[in-house]
A.B. asks: 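Take this structure first; my questions come after.
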Amino acid sequence: VGVILVMTNLRNHAGMDLALSQRPLAAPCQPGSPTRMSIPALGVDAPIETIGLNQRAQPDDSGQAPLGAPVDQHKAGWYAAGPKPGSGMGTVLTNGHTYRDGSAIFQEDFADLVALGQQIDLVLDNGTTCSYRISTVWRNVDAVQDYPQLVASERLYDQQGPERLFLATCGGPWVESTKMFKDINIVLATPLHS
């Protein structure tokens, strides 16, 4: 029986090697500007536009203005004045819209579906892909009362220190009077090194 198991394992292993060798290998992540964001577990695959800071919004407790949002609701936003993916340092800042009618890159069930361990991929303009694994999730943080405090206390916009990915989108209840969601969902993810 032992010989049969060994023979079977060799055949399976060889077959797996063959299948793996037929897939193209992804180029290792090299510093660059992201052009596309993918979160397979959430069904997200969207182009990226560059964003700035929203100077009209309430600053965080350190005086920093919050991220602006993409003009196109079908795109993710990336703060191009911050660290680049693959640079190995600082927080790569990204975000995207959630719309009630499902016409944005994130859906209203984002807070229910996002989870630790899920992968976020950023395709870069140099042909490489930087992948990150979600390590922290803050769900339904009050956008006015708690978000600025959290950004400052957790140094979420930090341009120093080890590389990580920040992702934010709207969440919580819809407020009809402001035509906005009340809360923000925040994700931090750490690089997956190949």
Side-chain angles (χ1 to χ4, degrees), residues 12-13 16-17 19-20 23-48 51 66-67 69-70 74-79 82-99 102 104-124 126-143 146-147 149-172 181 183-194:
N12 285 342
H13 182 69
M16 287 171 60
D17 283 348
L20 289 174
R23 284 190 289 169
L25 295 175
C29 172
Q30 298 294 320
S33 299
T35 60
R36 191 158 205 89
M37 173 186 286
S38 171
I39 310 174
L42 302 181
V44 172
D45 183 17
I48 290 179
I51 56 173
L67 291 179
H74 299 102
K75 294 182 178 180
W78 170 61
Y79 182 59
K84 288 186 174 185
S87 67
M89 178 181 283
T91 307
V92 177
L93 301 173
T94 64
N95 63 14
H97 290 284
T98 297
Y99 274 23
I105 65 169
F106 299 118
Q107 305 303 314
E108 281 188 278
D109 58 2
F110 180 91
D112 296 328
L113 300 180
V114 70
L116 301 180
Q118 291 173 343
Q119 186 167 319
I120 301 173
D121 297 316
L122 296 180
V123 177
L124 308 185
N126 58 20
T128 68
T129 298
C130 293
S131 297
Y132 302 83
R133 186 159 318 281
I134 296 176
S135 57
T136 307
V137 177
W138 287 278
R139 290 175 173 82
N140 298 323
V141 174
D142 184 282
D146 301 324
Y147 179 71
Q149 197 172 12
L150 181 64
V151 167
S153 66
E154 295 290 329
R155 302 176 60 95
L156 295 180
Y157 292 176
D158 199 350
Q159 296 196 20
Q160 304 301 314
E163 182 176 347
R164 60 188 181 168
L165 175 74
F166 167 97
L167 172 64
T169 190
C170 297
F181 289 97
D183 299 331
I184 296 177
N185 295 303
I186 306 159
V187 167
L188 275 184
T190 55
L192 285 173
H193 300 288
S194 49

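Only a predicted model underlies this, so the values are computations on that prediction, with no experimental measurement involved.
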A.B. asks: Nearest heavy-atom pair of Ala46 and His74: which atoms, and what distance?
C.D. replies: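 Smallest interatomic distance, heavy atoms only, reads CB-O, 3.7 Å.
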
A.B. asks: Does some side-chain heavy atom of Cys170 sit less than 4.5 Å from a side-chain heavy atom of Phe110?
C.D. replies: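 No. Closest side-chain heavy atoms not under 4.5 Å.
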
A.B. asks: Considering only heavy atoms from C-beta outward, does the side chain of Gln118 approach that of Arg133 to under 4.5 Å?
C.D. replies: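 No; the side chains remain at least 4.5 Å from each other.
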
A.B. asks: When you look at CZ of Arg155, are more than 12 heavy atoms from neighbouring residues, nucleotides or ligands closer to it than 6.0 Å?
C.D. replies: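 No.
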
A.B. asks: Quickly, which of Asp121, Leu188, Val92 forms a side chain to side chain contact (heavy atoms under 4.5 Å, CB included) with Tyr132? Name it, please.
C.D. replies: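 Filter result, single survivor: Val92.
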
A.B. asks: What distance separates Glu154 CD from Trp138 CH2, expressed to the nearest 0.5 Å?
C.D. replies: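 Going from CD on Glu154 over to CH2 on Trp138, the span is 4.5 Å.
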
A.B. asks: Give, for atom OG1 of Thr169 and atom CG of Asp183, the distance between the pair rounded to the nearest 0.5 Å.
C.D. replies: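 Answer for the OG1-CG pair, Thr169 versus Asp183, is 11.5 Å.
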
A.B. asks: Give me the atom names and distance for the closest heavy-atom approach of Gly171 to Asn185.
C.D. replies: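 Heavy atoms only, the tightest pair is CA-ND2, 3.4 Å.
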
A.B. asks: Is the shortest side-chain heavy-atom distance between Leu165 and Leu122 below 4.5 Å?
C.D. replies: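 Heavy-atom side-chain distance check passes, below 4.5 Å.
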
A.B. asks: On the 0 to 90° scale, with breaks at 30° and 60°, tag the Tyr147-Phe166 ring pair as parallel, tilted or perpendicular.
C.D. replies: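 Taking Phe166 first and then Tyr147, their aromatic rings sit tilted (interplane angle of 30° to 60°).
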
A.B. asks: Would you find a donor on one side and an acceptor on the other, under 3.5 Å apart, between the side chain of His97 and the backbone of Pro70?
C.D. replies: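 It does hold such a pair.
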
A.B. asks: Could you measure the distance from the CG atom of Asp112 to the CZ atom of Arg139? Nearest 0.5 Å is fine.
C.D. replies: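 Asp112 atom CG to Arg139 atom CZ measures 8.0 Å (nearest 0.5 Å).
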
A.B. asks: Taking the side chain as C-beta and beyond, is there a heavy-atom pair between Val114 and Ile134 under 4.5 Å?
C.D. replies: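 In short, these two side chains touch, coming nearer than 4.5 Å.
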
A.B. asks: With rounding to the nearest 0.5 angstrom, report the CG to OG distance, Asp146 to Ser153.
C.D. replies: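 Taking CG in Asp146 and OG in Ser153, the distance rounds to 10.0 Å.
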
A.B. asks: Measure the shortest side-chain to side-chain distance between Met37 and Thr94 over non-hydrogen atoms and say whether it is less than 4.5 angstrom.
C.D. replies: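 Side chain of Met37 against side chain of Thr94, heavy atoms only: contact under 4.5 Å found.
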
A.B. asks: Specify the closest pair of heavy atoms between Met89 and Pro83, including all atoms of both residues, with the distance to one decimal.
C.D. replies: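 The answer is O-CB, 3.3 Å.
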
A.B. asks: How long is the span from the CD1 atom in Ile39 to the CD atom in Gln119, to the nearest 0.5 Å?
C.D. replies: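 Ile39 CD1 to Gln119 CD: 10.5 Å, rounded to 0.5 Å.
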
